[in-house]
K.L.:
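The structure that follows is given in the form of structure tokens.
One is the number of the first residue; the rest follow in order along the sequence. In listed order, ligands and their atoms are each counted from 1.
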Amino acid sequence: MTHEVLIIGGGLLGCAAAWHLARAGLTPRLIEARGINAGASGQNAGSLHFQIERRFLEPGGTGHAQGGDIVRLNRLAIEEWAGLEDQLGRPLDIHMHGGLMLAENEADLALLSLKVARENELGLPTQLLSGAEARDLVPRLASHICGAAWLAKEGHANPRILADAFADAARASGATIETQSRLLDLRRVGDDWQATIEQSGQITTASARHVILASGHWTARIAACMGLNIPLYLAPLMMSVTDRTAPFLPYLIQHVGKRLSMKQTDDGNMVIGGGWASAPQRMVDGLPDLDAPPHLVPDNLRANLTVAAGVLPCLRARSLIRSWTGMTCISADQLPIVGEVPAAPGLYVAAGGSMFTLGPLLARMLARSIIERAMPDEIALFSAARFAHLNAFVVQP
Ligand SMILES: Cc1cc2nc3c(=O)[nH]c(=O)nc-3n(C[C@H](O)[C@H](O)[C@H](O)COP(=O)(O)OP(=O)(O)OC[C@H]3O[C@@H](n4cnc5c(N)ncnc54)[C@H](O)[C@@H]3O)c2cc1C
């Protein structure tokens, strides 16, 4: 039997793509090496970053231009998130009450006002606030915060439940979802793809017309085993959470000049992150171990918490109850890579940074590209075809 679509990976992207394909009448099969939501989709900060993120504003790169490209996508992602609970028919802890990106000096303010002007040009209604206006929204902000960019629809959601909600909906619509099922090998046989799969100690094969690599930070290595170059690079990160406190922060907090994301959960815990690095474990050959959780870097933990408490001094009275690490990946130009790989017809990828924010939208677009056999215009800019040159000298095994 040849599957119409075989999906590799049961994170947010894979489960959401399975649902969109199944509700369109296809019968996708999804295989997941571990459990649903076991990768970055279940470990992330849950921030819905719709303002241009700080990483696009860092000096020295083409980030500013890329930040503009991402705004178009973020506007669509706002609509996608706003409709998700209705579409999936269950509560998903989505809080889109607004987000503040803070400035604490003149240089931050200058960057923030350039950013807001750029976003407004592109139709994203961010507003520049004074420090006092920001403190009207969050009275506990430190007195030296001198400005903020405000976006009314920014926010956060609960990463522990979303992928499972998509997986349940996909199953209910006819998708097959198999956990403890690892792709070992994938190769082209005639017009189809043949996958070798290890399922609870048994080796089986399956063929499929289309394959989606929704394999997060494993995607580049899986592709490399097939002789394909997909420019995705590891980003091992860390997160922390404090004990509970009475609700005072309904917004997402970011910082334009420092790595920071902060939010308060429904239970009152403060979740703190913002792109601080952890350190991958190494295999005997020195390559990063993609399956092992990265090590926490104590200096980075200290620095992250210092930035957080600098912005919200009340955090000094809280206790840290847990820190954890997780691995994700970013692409060579920081933008998502989505769609069919030109050198491998029928093979699709969907990976890159901030795929919690963009995942529901891009999974739907990816499913459309398979159903309609064409890349939707909305995501043409993010097509895998922009890196086709990297596979110009590739001979697939
Ligand atoms: C600490 C941290 C904080 C983050 N914070 C945010 C944030 O606040 N906002 C945001 O937008 N993004 C954030 N991200 C990024 C975001 O989490 C990821 O971009 C997103 O979850 C990727 O989803 P995915 O489905 O592509 O990958 P994953 O969730 O990693 O899923 C990939 C799945 O593929 C499976 N797999 C791999 N290889 C195989 C194989 N050979 N066979 C079968 N299955 C396989 C894995 O087991 C895994 O379950 C963060 C990431 C981390 C690590």
K.L.:
Would you tell me whether D333 and S331 have side-chain atoms, one donor and one acceptor, within less than 3.5 Å of each other?
P.N.:
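There is such a pair (donor and acceptor under 3.5 Å, judged by atom type) between the side chains of D333 and S331.
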
K.L.:
Would you mind listing every ring pair (Phe, Tyr, Trp, His ring centres under 6.0 Å) that reaches into residues 120-176, with sequence neighbours excluded?
P.N.:
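Matches after skipping sequence neighbours: W19-F166, H95-H156, W150-Y251.
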
K.L.:
Do H210 and E340 meet the criterion of a side-chain donor-acceptor pair at a distance under 3.5 Å?
P.N.:
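The answer is no; no qualifying pair exists.
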
K.L.:
Please list, one pair per line, the donor and acceptor atoms closer than 3.5 Å that link side chains of residues 195-203 to other protein atoms, with sequence neighbours excluded.
P.N.:
residue	atom	partner	partner atom	Å
Q199	NE2	E178	OE1	2.6
Q199	NE2	S181	OG	3.1

K.L.:
What residues form a ring pair (Phe, Tyr, Trp, His ring centres under 6.0 Å) with W218, not counting sequence neighbours?
P.N.:
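Listed in chain order: nothing, the list is empty.
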
K.L.:
Please list, by chain and number, the protein residues whose heavy atoms come under 4.0 Å of ligand 1.
P.N.:
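Its neighbours under 4.0 Å (heavy atoms only) are I8, G9, G10, G11, L12, L13, I31, E32, A33, R34, G39, A40, S41, Q43, N44, A45, G46, S47, H49, S181, R182, L183, A214, S215, G216, W218, I222, L237, M239, G326, M327, T328, G352, S354, M355, F356, T357, given by chain and number.
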
K.L.:
Examine the side chains of S354 and E53 and answer whether a donor and an acceptor come within less than 3.5 Å of each other.
P.N.:
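The criterion, which ignores hydrogens and geometry beyond distance, is satisfied for E53 and S354.
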
